[in-house]
There are 2 protein chains.
Amino acid sequence: MKLLTKKTDYAVRALLRLAQHDGRLSARRIAAAEHIPLQFLRAIVQTLAQAGYVTTREGVTGGVALARAPRAIRLADILQLFQGTLDMTECLFRKKVCRNRATCVLRHRLLDIEHTVLAKFQRITIASLLKDLNAA
Amino acid sequence: MKLLTKKTDYAVRALLRLAQHDGRLSARRIAAAEHIPLQFLRAIVQTLAQAGYVTTREGVTGGVALARAPRAIRLADILQLFQGTLDMTECLFRKKVCRNRATCVLRHRLLDIEHTVLAKFQRITIASLLKDLNAA
DNA sequence: CGAAACTTATACTATAATAGTATCAGTTGC
DNA sequence: GCAACTGATACTATTATAGTATAAGTTTCG
C-alpha cells in the first residue's frame, strides 16, 4: 500500500525547498537538488501554481516561489491535489443502493480509517515538516 | 486513495459468506450471491486455501469451507495476503542511505500513519464484521 | 537585436498493477 | 460416464503512474 505517489512526494519536497530558501528558485535548481526529473517537476510546479500554492515568473530571472505561509500548506491538500479525494463512498453515490450489505459494513470501517488518515494528513504542514527537518 | 483492492474486497465478502453459512459452499454459489466473476473468485479462493484460511474439496460435493474461527481471521492478514506488506520503508533498506533528509522526514510521518492504519485493520476480524452485519 | 535561462502547454511513451477471462486437467459421487 | 466441483496456468484489457519530448512564449542582459 502506497500512501503517496511520486508526484505528491516531489511536490512536498519542492515546497520544502522553497520554504527553506525563502525566495525564488528555478525548477531546474530544485530538480537538481532533489534529484527530480526536470520536465516532471515542471508539470508538478504548474499544478501547484494553478492551485495557488506557488507563484511563478517567466524569463531569465524567473522561477518559483511560495505563495502561502508554510504553516498554511497542509499535506492533506497537496495529497488531494495530486491523488484526488479519498473515494470510498462509491457504493453510496455511484450505484443506486449498496446491493451487498457485507460490502457496506466493510466500507463503514474503511471510512472510519480514512477519516483518521485524513485527520493525520491535515495536521502535517510544510511548516511542521520543516521543523522536523531542522530538529534532525 | 484506495485502501482495498477488489481481490481483498471479494476475499472478505467470500469469508463473510462462509462464516454465515457455517459449512461448505461452492465458489459458484458464492460468486452468484456476491456478484463476483467466477474465475476471479476461484483464484482468490485458491490463495485463501494456500494460506490456510479455508479448506477446499474437489468433486461434485466439494466446495469451500472456513478453516479458522471467524474471530481468528483479521482483515490485516487478508490485506497483506492480497496486497502485500505496507512498504514505506524503502528508503531505509533498499537504498544505501536516504540521500534526502526531507524524504526521510516525510517517511517518518508516513510510517506513523501506516502503523495506525495497520492497528485498525488488525482489530477488524471476520467475526467483528459479522456482528456489524447482524446488527444492521 | 539576440542569446540565455526561464515558464507554458501539450503530446507522447514505458512500465506495472489491477481486474478480469479462458482453458485444460484432475476429482468426486451418483 | 457425466455433472459439478477444484487446481493450475496463461492470456488480455484497462488504468494509473512515472516519466520524456518538444514547440512556443517571456524576460533580462550585453
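Convention: sequence-line order gives letters A, B, ...; per-chain numbering from 1. Note: hydrogens, waters and symmetry copies are ignored here, and every other heavy atom, side chains too, is used. What you see is a predicted model; the values in this text were computed from it and never measured.
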Mind checking [X] for me? I need base, sugar-phosphate or nothing, with any heavy atom below 4.0 Å counting as a touch.
X       : value
B:Ala27 : sugar-phosphate
B:Val64 : sugar-phosphate
B:Tyr10 : sugar-phosphate

Practice task
Considering just the side-chain nitrogens and oxygens of B:Thr5, establish if one lies under 4.0 Å of OP1 or OP2 belonging to C:dA17.
Solution key: no

Taking [atom1] from [X] and [atom2] from [N], how many angstroms apart are they, rounded to a whole number?
X       : N      : atom1 : atom2 : result
B:Ile36 : C:dT21 : CD1   : P     : 12 Å
A:Leu25 : C:dC6  : CG    : P     : 10 Å
A:Gln46 : C:dC6  : CD    : P     : 16 Å
A:Phe40 : C:dT10 : CZ    : P     : 18 Å
A:Lys6  : C:dA17 : NZ    : P     : 14 Å
A:Lys2  : C:dT15 : NZ    : P     : 16 Å
A:Gln50 : C:dT8  : CD    : P     : 8 Å
A:Leu48 : C:dT8  : CG    : C1'   : 15 Å

Handout entry: Donor-acceptor pair, side chain of B:Gln83 and main chain of B:Thr8, under 3.5 angstrom
Key = no

Exercise for the section: Measure from the side-chain N and O atoms of B:Gln20 to the backbone N and O of B:Leu15, and report whether any donor-acceptor pair falls under 3.5 Å. Expected result: no

Problem - Rounded distance [0.5 Å steps], OG1 in B:Thr125 versus CG in B:Asp77 - result: 10.5 Å

Fill in the blank from the handout: Interatomic distance, CG@B:Leu4 vs CG@B:Leu75, rounded to 0.5 Å, equals 6.0 Å

Handout entry: Pairing of A:Asp112 and A:Arg109 as salt bridge, 4.0 angstrom limit
Key = no

Exercise for the section: Using a strict cut-off of less than 4.0 Å between a Lys/Arg side-chain nitrogen and an Asp/Glu carboxylate oxygen, indicate whether B:Asp9 and B:Lys6 qualify as a salt bridge. Expected result: no

Exercise for the section: Identify the 5'-most and 3'-most nucleotides of DNA chain D with at least one atom closer than 4.0 Å to a non-hydrogen atom of chain A. Expected result: D:dT17 to D:dT28

Between N or O atoms, less than 3.5 Å apart, protein on one side and nucleotides 22-25 of chain C on the other: list the pairs.
from   : atom 1 : to      : atom 2 : distance (Å)
C:dT23 : O4     : B:Gln39 : OE1    : 3.2

Practice task
Start with the C-alpha distance between B:Glu114 and B:Leu118, add both sets of side-chain angles, then the distance that settles side chain to side chain contact (heavy atoms under 4.5 Å, CB included), and finish with yes or no.
Solution key: CA-CA 6 Å; B:Glu114 289 210 332; B:Leu118 192 61; over 6 Å; no

Mind listing the side-chain donor-acceptor pairs of residues 21-32 of chain B below 3.5 Å, one per line with the distance, residues two or more places apart or on another chain?
from    : atom 1 : to      : atom 2 : distance (Å)
B:Arg24 : NH1    : B:Gly63 : O      : 3.4
B:Ser26 : OG     : B:Arg29 : N      : 3.2

Practice task
Cation-pi check, A:Arg68 to A:Tyr53: give yes when NZ or CZ is under 6.0 Å from the six-membered ring centre and within 45° of the ring axis, no otherwise.
Solution key: yes

Practice task
Map B:Ala43 and B:Arg29 onto DNA chain D by nearest heavy atom, then report which one ends up closer to the 5' terminus.
Solution key: B:Arg29

Fill in the blank from the handout: Assign each of A:Arg57 and A:Lys7 the nucleotide of DNA chain D bearing its closest heavy atom; nearer the 5' end lies the nucleotide of A:Lys7

